[in-house]
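We count residues from 1, following the sequence as given. Numbering of ligands and ligand atoms starts at 1, following listing order.
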Amino acid sequence: MNPSQAQLSGKTALVTGASRGIGKAIAIELARRGAAVAVNYRNDQAAADAVVGAIIAAGGSAFAVQGNVSDAAGVDKVFAETAEHLGAPAILVNNAGITRDGLLLRMTEEDWDDVMTTNLKSVFLCTKAALRAMMKARWGRIINVASIAGINPNPGQANYAAAKAGIIAFTKSAAREIASRSITVNAIAPGFVETDMTANLPEELRKEGMQRTPAGRFGLPEEIASLAAYLALPESAYITGQAIIVDGGLA
Ligand code: NAP
């Protein structure tokens with residue numbers, strides 16, 4: 001075992017929405033540091049299997065777990081299958097997220113509800129599902145992927161910005177509630193990151209995002225994953241209730 005693999009060996013991690021993008025990079029990085037990783041996905045089994053394949057090929061341990069984390073039945077399924085294959089997660093990364101951007105007058109109730117359930121309710125449901133075992137173990141790491149949009153919102157994203165601000169407030173409240181059990185709860189607030197989510201933005205918005213970012217480029221998923229992995233390590237034990245911005249200077 002190399003020294004970085006030893007950092008999280010013996011720990012199970014669950015990463016929601018890990019079939020691509022930021023979740024995929026986090027799953028690979030946690031596995032590289034020795035965690036056994038449950039790679040959650042909703043639709044794309046082939047993509048999730050490819051992430052698991054890459055982890056196993058690199059000497060790690062992982063399995064793919066289908067489940068829609070925006071509803072309680074999906075979350076129950078994901079946690080039951082994770083416990084059966086790898087044991088209860090000591091590390092939970094709430095990463096699954098979607099956008100349904102639009103100006104308020106055109107935003108439908110469905111656009112609002114889809115973003116709220118996928119991006120915010122999932123964080124509540126998964127955290128609750130993970131807590132019992134973490135409390136018993138008196139150790140846990142909960143890492144929520146929020147967004148800079150939850151701090152400095154853009155027009156056309158009222159649903160997404162509200163959900164991401166909600167994640168940050170949830171993070172701070174939960175951190176206070178469970179800090180005495182050696183469970184930390186932190187949020188990461190990325191700026192623009194090169195994933196399918198930003199690839200689908202209109203070219204004009206991508207260009208504008210790049211111009212507004214002092215680093216002059218979008219971030220890489222691996223640049224979010226390195227912070228997520230740090231927050232999962234034993235040595236991050238005294239960091240909790242934070243929303244850490246990773247945005248190339250945007251904010
Ligand atoms: P992405 O490339 O679109 O990937 C989203 C992932 O979430 C996919 O694996 C998708 O799986 C999964 N997912 C969506 N809904 C789900 C559900 N109900 N249950 C389970 N899995 C679900 O997105 P990304 O850019 O990597 O974003 C990851 C997170 O970072 C999100 O929370 C996003 O809001 C946040 N973020 C992204 C950026 C950015 O610039 N990219 C910036 C700030 C914050 P399926 O394909 O199988 O549905």
Side-chain angles (χ1 to χ4, degrees), residues 14-28 38-52 64-79 81-82 92-101 113-126 129 143-154 157 159-168 170-171 187-201 205-206 208-210 212-213 215 217-225 227-228 243-248 250-251:
L14 166 63
V15 185
T16 69
S19 55
R20 56 195 156 89
I22 293 171
K24 171 183 173 178
I26 293 174
I28 289 172
V39 174
N40 164 248
Y41 67 100
R42 181 183 46 173
N43 294 319
D44 195 344
Q45 182 177 353
D49 285 345
V51 175
V52 169
V65 58
Q66 193 282 330
N68 179 351
V69 294
S70 68
D71 70 51
V75 169
D76 286 350
K77 174 184 183 290
V78 168
F79 275 80
E81 290 179 21
T82 300
L92 168 66
V93 183
N94 286 309
N95 165 78
I98 58 168
T99 50
R100 295 282 182 273
D101 294 353
D113 287 344
D114 284 353
V115 167
M116 282 296 156
T117 55
T118 306
N119 295 16
L120 183 56
K121 187 180 172 191
S122 64
V123 175
F124 160 67
L125 291 173
C126 290
I143 299 151
N144 299 323
V145 181
S147 169
I148 197 63
I151 300 167
N152 287 347
N154 289 314
Q157 286 199 309
N159 50 359
Y160 185 79
K164 294 300 188 181
I167 291 179
I168 293 171
F170 176 95
T171 299
I188 300 176
F192 292 97
V193 181
E194 291 287 4
T195 69
D196 290 353
M197 193 178 267
T198 46
N200 293 331
L201 286 175
L205 279 185
R206 274 183 61 86
E208 192 203 312
M210 212 105 40
R212 281 171 47 211
T213 302
R217 63 175 178 87
F218 286 1
L220 301 174
E222 292 73 19
E223 290 171 315
I224 308 302
L227 175 60
I244 302 172
I245 296 171
V246 185
D247 71 348
L250 177 67

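- By the neighbour-count criterion of 12 heavy atoms within 6.0 Å, atom NZ of K164 is densely surrounded, having more than that number from other residues, nucleotides or ligands.
- By the ring-ring contact (aromatic ring centres under 6.0 Å, His included) test, Y160 is found to be paired with no residue, residues two or more places apart in sequence or in another chain being considered.
- For E222, there are no salt bridge (Lys or Arg N to Asp or Glu O under 4.0 Å) partners at least two apart in sequence or on another chain.
- For the salt bridge (Lys or Arg N to Asp or Glu O under 4.0 Å) test, no residue two or more places apart in sequence or in another chain qualifies with R42.
- No salt bridge links R20 with D44; every basic N to acidic carboxylate O contact stays at or beyond 4.0 Å.
- Taking the six-membered ring where the residue is Trp, F124 and F170 present perpendicular rings, their angle passing 60° and hence far from 30°.
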I'd like a table of the close N/O pairs between ligand 1 and the protein (anything under 3.5 Å), one pair per line with both atom names and the distance.
| residue | atom | partner | partner atom | Å |
| --- | --- | --- | --- | --- |
| ligand 1 | 2 (O) | R20 | NH1 | 3.2 |
| ligand 1 | 3 (O) | R20 | NH1 | 2.8 |
| ligand 1 | 4 (O) | R20 | NH1 | 3.4 |
| ligand 1 | 9 (O) | G17 | O | 3.3 |
| ligand 1 | 9 (O) | S19 | N | 3.4 |
| ligand 1 | 9 (O) | S19 | OG | 2.7 |
| ligand 1 | 11 (O) | S19 | OG | 3.4 |
| ligand 1 | 18 (N) | N68 | OD1 | 2.8 |
| ligand 1 | 19 (N) | V69 | N | 3.1 |
| ligand 1 | 25 (O) | T195 | OG1 | 2.5 |
| ligand 1 | 26 (O) | I22 | N | 2.8 |
| ligand 1 | 32 (O) | N95 | O | 2.7 |
| ligand 1 | 32 (O) | K164 | NZ | 2.9 |
| ligand 1 | 34 (O) | Y160 | OH | 2.5 |
| ligand 1 | 34 (O) | K164 | NZ | 3.0 |
| ligand 1 | 40 (O) | V193 | N | 2.8 |
| ligand 1 | 40 (O) | V193 | O | 3.4 |
| ligand 1 | 41 (N) | V193 | O | 3.3 |
| ligand 1 | 41 (N) | T195 | OG1 | 3.0 |
| ligand 1 | 46 (O) | R20 | NE | 3.2 |
| ligand 1 | 46 (O) | R20 | NH2 | 2.7 |
| ligand 1 | 47 (O) | R42 | N | 3.1 |
| ligand 1 | 47 (O) | N43 | N | 2.7 |
| ligand 1 | 47 (O) | D44 | N | 3.2 |
| ligand 1 | 48 (O) | R42 | NE | 3.1 |
| ligand 1 | 48 (O) | R42 | NH2 | 3.1 |

